[in-house]
Each structure stands twice: as C-alpha cells, then as structure tokens.
2 protein chains.
Amino acid sequence: MVHCVNASYHHGDLRRALIEAAVAAVGEVGVGSLSLRAVAKRAGVSHAAPAHHFGDKAGLLTAVAAEGHDRFADALERAWQTTGDFVEVGVAYVRFAIDHRPYFEIMFRPELLHTDDPELDRASRRSREMLHRGTDGPGPGEAANGYSTAALAAWSVVHGFAELLLAGNFDPAIDDDPEGVLREVVRQLRF
Amino acid sequence: MVHCVNASYHHGDLRRALIEAAVAAVGEVGVGSLSLRAVAKRAGVSHAAPAHHFGDKAGLLTAVAAEGHDRFADALERAWQTTGDFVEVGVAYVRFAIDHRPYFEIMFRPELLHTDDPELDRASRRSREMLHRGTDGPGPGEAANGYSTAALAAWSVVHGFAELLLAGNFDPAIDDDPEGVLREVVRQLRF
DNA sequence: AACGCGATCTTTCCATCGTCAAGACCTTGC
DNA sequence: GCAAGGTCTTGACGATGGAAAGATCGCGTT
C-alpha cells in the first residue's frame with residue numbers, strides 16, 4: 001500500500017500539474033472566476049479528477065495557498081538575510097504580491113480554504129514568523145495579543161498597500177514604481 | 001414615460017428591498033457565496049426580478065457598494081468633524097469595516113463591480129476625499145501620483161488592519177479590543 | 001506467473017447558479 | 001377606455017461543484 005506518495009501513475013504528477021494549472025488560471029481570470037473544470041481541462045484530465053487529490057475546490061486552493069506561503073516565507077527570509085533591513089522585508093512583501101499575484105490572491109482568504117489543513121498551517125505559520133523578524137525581540141510593544149504593536153503596524157501597512165494596489169484602488173500612476181512609493185510609505189513608520 | 005424613478009409598483013420599493021436583502025445575505029454567508037436567487041427569495045420575488053433593476057449580479061453589488069461608500073464617507077466625516085483628530089478617522093475606518101462588514105466586503109473589490117457606474121464613482125470619490133482630509137494640504141509629500149505619502153501610509157495601514165482583522169488573520173485576542181490596538185498601531189505613523 | 005487490491009482517473013448524474021427570452025400584470029398618460 | 005411601457009414571473013439554457021459508480025492500471029502477495 002501507499003505505492004506512490006505524491007507520485008504518479010497515469011498522468012505523471014497530476015497533483016503538481018493541477019496546482020500549476022490553478023495558479024495559471026487564477027493569474028488569468030482571478031480566483032473569483034476560477035473554475036475547477038477549467039483547471040482540469042488545462043491539466044488534460046477529466047473535470048472530476050481534482051476532487052480525488054484535493055477533495056474539493058477549497059482543497060485545491062488550500063494546496064496552492066500552502067505552496068504560496070512557503071514561497072512567500074522564502075522571499076521574506078531572503079530579503080531579511082540579504083539586506084538586514086526590515087523595510088526591505090516590507091518591500092519584498094509587496095513585491096511578492098505583485099510578482100506572484102495568483103498565490104497572494106488566495107493566501108489571506110480563509111473563507112476559500114480549509115483552515116484546518118496541517119500543511120497550510122505549517123506554511124502560513126512559517127511566513128508569519130518571518131514577518132515578526134526585525135520588529136519583535138528587543139522592543140517593548142505589549143504582547144498582550146500575539147504581536148508587538150510595531151509588527152502589527154508593519155504588517156498592516158504592507159498588506160493594505162498590497163491589497164489596495166492589486167485591487168486597483170490606487171492611482172494608476174503608482175503602478176510605474178510601486179516599490180519606490182512603498183519604500184517612502186514604510187518610512188512613515190516609527191520602529 | 002419614466003413613471004416612477006426609484007419608486008414602486010407591484011412591490012413597494014423592490015430596488016431598496018433587494019439591496020437590503022443583499023446586505024443581509026452577504027452578512028450571513030459572505031459575498032463569495034452570495035446567490036442572486038437567495039436574495040430574490042429573501043425579498044419575496046422571483047429569481048429573475050433583480051436582473052430588471054440591476055442588470056446582473058455585478059449591478060446589484062455595485063448599488064450596494066455605492067450605498068456603502070456613502071455611509072462610509074458619512075462615518076469618516078463624522079469622526080473628523082467630531083474629534084478633529086485624523087487618528088480617529090482611521091479608527092472610524094476600521095469601525096465601519098467591523099460594524100458594516102457586508103458593505104466593506106464589497107466596496108474595495110472592483111472585480112465584483114461595474115466600475116464605470118456613475119453612482120459608484122460619485123460615492124467612492126466622496127469617501128476617497130474624506131480619507132485625504134488631515135493628511136493632505138500643508139505637508140510636502142510629493143504628489144507625483146494622486147496622493148501624499150502620508151495619506152497613502154494612513155490609508156494602507158487602516159485598510160490592511162481592517163482586511164487582516166475581518167479575514168481572521170490576526171490573533172483572536174485582538175477581537176476583544178480592535179479599536180484600542182488599532183489606535184496604537186496608527187500612532188506608529190509619523191504625520 | 002497469476003491474482004487481487006487499492007490507487008488513479010473517467011463517466012454519468014444532480015442540484016444550483018447567473019442570465020436570457022417571452023409573456024403576464026399593472027399603472028399611467030392620453 | 002385604451003394603448004404603452006414599466007414591473008415582475010415563468011421557463012429554459014449552459015456552466016459549475018460535487019457525489020456516485022465504474023473503468024484502468026500498477027504493485028505486492030502467493
């Protein structure tokens with residue numbers, strides 16, 4: 001039993017193919033118009049194939065979100081270790097939202113996901129930890145809730161910027177150099 | 001011709017009833033699971049009735065979003081004129097998101113709306129202007145794009161806080177006193 | 001070497017959805 | 001009154017997500 005964990009019989013690696021197809025589809029039509037059947041067609045399988053690997057639509061999106069959080073954590077960690085500047089972690093946050101929009105569109109939408117999924121939990125916990133690097137630690141910031149005020153402020157500002165930008169709520173002029181604008185915005189924070 | 005603008009024949013004021021039914025439905029199941037047919041049933045009309053008043057689903061959501069932006073602008077203006085403190089405008093921003101969640105869930109999601117609708121344009125422009133009160137004006141903040149850096153930072157931080165809070169991405173402990181936490185978060189901004 | 005089991009995928013079916021077209025009803029203006 | 005047009009209903013269609021049942025295939029066992 002358990003012939004092939006995560007492996008392949010008929011298709012090769014359908015699980016992987018479906019995730020990639022989902023990401024591509026979300027990139028084209030948005031998560032709101034994502035159709036399981038379109039994803040299946042894109043991967044060259046029948047419309048019911050995804051259900052076997054992911055249970056349901058939320059299951060597929062959960063797998064995408066988990067992968068997204070992993071990549072996200074990687075990007076944030078890279079930024080932190082490269083520059084040592086927490087502002088640059090914030091820039092990386094928004095950079096990821098822009099460059100990997102399909103992932104980002106899904107990652108922070110629990111209503112689309114199976115929030116009890118252990119893989120998602122592990123990955124999102126990892127990306128969450130990366131966010132606290134730099135703001136947490138020495139500073140005071142009451143930890144009555146799980147976060148320091150500085151971490152909450154930083155998270156809120158970069159997340160809000162990313163959401164408003166991606167949704168198109170900003171002046172289009174910002175699209176020319178979102179990084180530059182964001183850098184100035186983040187500098188408005190006291191650390 | 002044009003017997004009754006916005007008025008009532010068979011039903012009373014179906015347009016109004018449908019908007020209220022939509023708000024109630026979004027409050028219960030979220031905008032993602034909103035069904036036009038459920039809204040119609042809630043208003044006591046046939047499943048195709050909404051189409052006549054709003055064209056399509058996006059049309060109904062557009063009307064809801066426009067009404068939301070009007071109420072939103074009212075709330076922000078009230079906060080500004082009452083306190084004169086821009087921090088309190090930010091608090092009112094998040095307060096609105098919490099207290100009128102169904103509206104807020106829709107207002108900043110252009111992909112769900114008819115963004116060319118004149119009513120929506122007027123209302124959202126109004127709420128946008130309220131946001132710039134207090135940050136704009138005297139300060140420098142390059143206006144290369146439409147906003148000052150301070151306004152962008154303030155908007156981003158309150159919007160991000162609201163989104164993360166509503167989506168449930170924060171520690172549940174914050175739900176006890178989101179206003180208090182937000183006030184400290186906003187104070188992390190230099191004005 | 002043959003069997004059987006379980007994993008993988010397909011096919012078929014169903015309820016629900018948004019939208020469209022056609023018709024019924026009702027109010028208003030003439 | 002009567003035509004006209006706004007209001008709403010009915011019925012239908014294609015698309016969707018999901019459930020159920022069957023077909024196909026590879027592996028471990030004997």
Side-chain angles (χ1 to χ4, degrees), chain A residues 1-22 24-26 28-65 106 109 111-114 117, chain B residues 1-22 24-26 28-65 106 109 111-114 117:
Chain A
M1 315 74 186
V2 180
H3 315 220
C4 58
V5 190
N6 267 353
S8 54
Y9 274 68
H10 306 153
H11 181 277
D13 190 350
L14 183 54
R15 184 187 160 84
R16 176 108 294 275
L18 286 171
I19 291 178
E20 289 172 6
V26 170
E28 290 179 12
V29 300
V31 63
S33 305
L34 179 70
S35 139
L36 264 191
R37 294 170 111 101
V39 171
K41 181 176 295 183
R42 200 183 274 260
V45 292
S46 84
H47 73 267
H52 182 257
H53 286 275
F54 302 102
D56 55 3
K57 193 177 184 178
L60 171 56
L61 293 180
T62 298
V64 173
I106 297 173
R109 308 268 302 268
E111 79 273 15
L112 302 177
L113 309 176
H114 290 151
D117 181 88
Chain B
M1 316 74 186
V2 180
H3 315 222
C4 58
V5 190
N6 267 353
S8 53
Y9 275 68
H10 305 153
H11 181 275
D13 191 350
L14 183 54
R15 184 187 160 83
R16 176 109 294 275
L18 286 170
I19 290 178
E20 289 173 6
V26 171
E28 291 180 10
V29 302
V31 63
S33 306
L34 179 70
S35 140
L36 265 192
R37 294 169 112 103
V39 171
K41 180 176 294 183
R42 198 183 275 259
V45 291
S46 83
H47 70 268
H52 181 258
H53 286 276
F54 302 103
D56 55 4
K57 192 178 185 179
L60 171 57
L61 293 180
T62 299
V64 173
I106 297 173
R109 309 267 303 266
E111 79 274 15
L112 302 177
L113 310 175
H114 289 151
D117 181 88

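Letters A, B, ... are given to chains in the order of the sequence lines, protein chains preceding strands, and every chain is numbered from 1. Everything quoted here is computed from the prediction, not taken from an experiment.
In this structure, Leu14(B) atom CG and dC25(C) atom P are separated by 19 Å, rounded to whole Å. Between the CG atom of Asp56(B) and the P atom of dA21(C) there is a distance of 14 Å, rounded to whole Å. The separation between His53(A) atom NE2 and dC9(C) atom C1' is 8 Å, rounded to whole Å. For the pair Phe54(B) CZ and dG18(C) P, the computed distance is 14 Å after rounding to whole Å. Atoms CG (Leu18(B)) and P (dG18(C)) sit 13 Å apart, rounded to a whole Å. The interatomic distance linking Lys41(B) (NZ) with dA15(C) (P) rounds to 14 Å, in whole Å.
In terms of heavy atoms, Arg42(B) sits closest to Ala24(B) at NH1-CB, 3.5 Å. Contact detail for Leu18(A) and Ala40(A): the closest heavy-atom pair is CD2-CA, 4.3 Å. Scanning both residues, Gly59(B) and His114(B), for their nearest heavy atoms gives N-CE1, 3.6 Å. Here the shortest heavy-atom pairing between Ala43(B) and Leu14(B) reads CB-CD1, 4.3 Å. Annotation for Ile19(B) and Ala63(B): closest pair CD1-CB, 3.9 Å, computed over non-hydrogen atoms.
Distance check, rounded to the nearest 0.5 Å: NE2 of His52(B) to OG of Ser46(B) gives 11.5 Å.
Considering only the side chain of Lys57(B), dT19(C) comes nearest among dT19(C), dA7(C), dG17(D). In this structure, the nucleotide among dT9(D), dC9(C), dG18(D) sitting nearest to the side chain of Ala48(B) is dT9(D).
For the segment residues 28-38 of chain B, residues with any heavy atom less than 4.0 angstrom from an atom of DNA chain C are, sorted by number, Leu34(B), Ser35(B), Leu36(B), Arg37(B).
Residue Ala49(B) is in base contact, counting any heavy-atom pair closer than 4.0 Å across all strands shown.
Proximity of Leu61(A) to Leu34(A): side-chain heavy atoms (C-beta onward) are separated by under 4.5 Å at one or more points.
Arg109(B) pairs by the salt bridge (Lys or Arg N to Asp or Glu O under 4.0 Å) definition with Glu111(B), not counting sequence neighbours.
A donor and an acceptor atom sit less than 3.5 Å apart, one in the side chain of His47(B) and one in the base of dT19(C).
Between dC9(C) and His52(A), no contact under 4.0 Å exists linking OP1 or OP2 to a side-chain N or O.
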For DNA chain D, the expected dot-bracket line (Watson-Crick or G-U under 3.5 Å, [ ] crossing, | inter-strand) is ||||||||||||||||||||||||||||||
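The side-chain contact (heavy atoms from CB on, under 4.5 Å) test with Ile106(A) is passed by exactly one of Thr62(A), Val64(A), Leu60(A): Val64(A).
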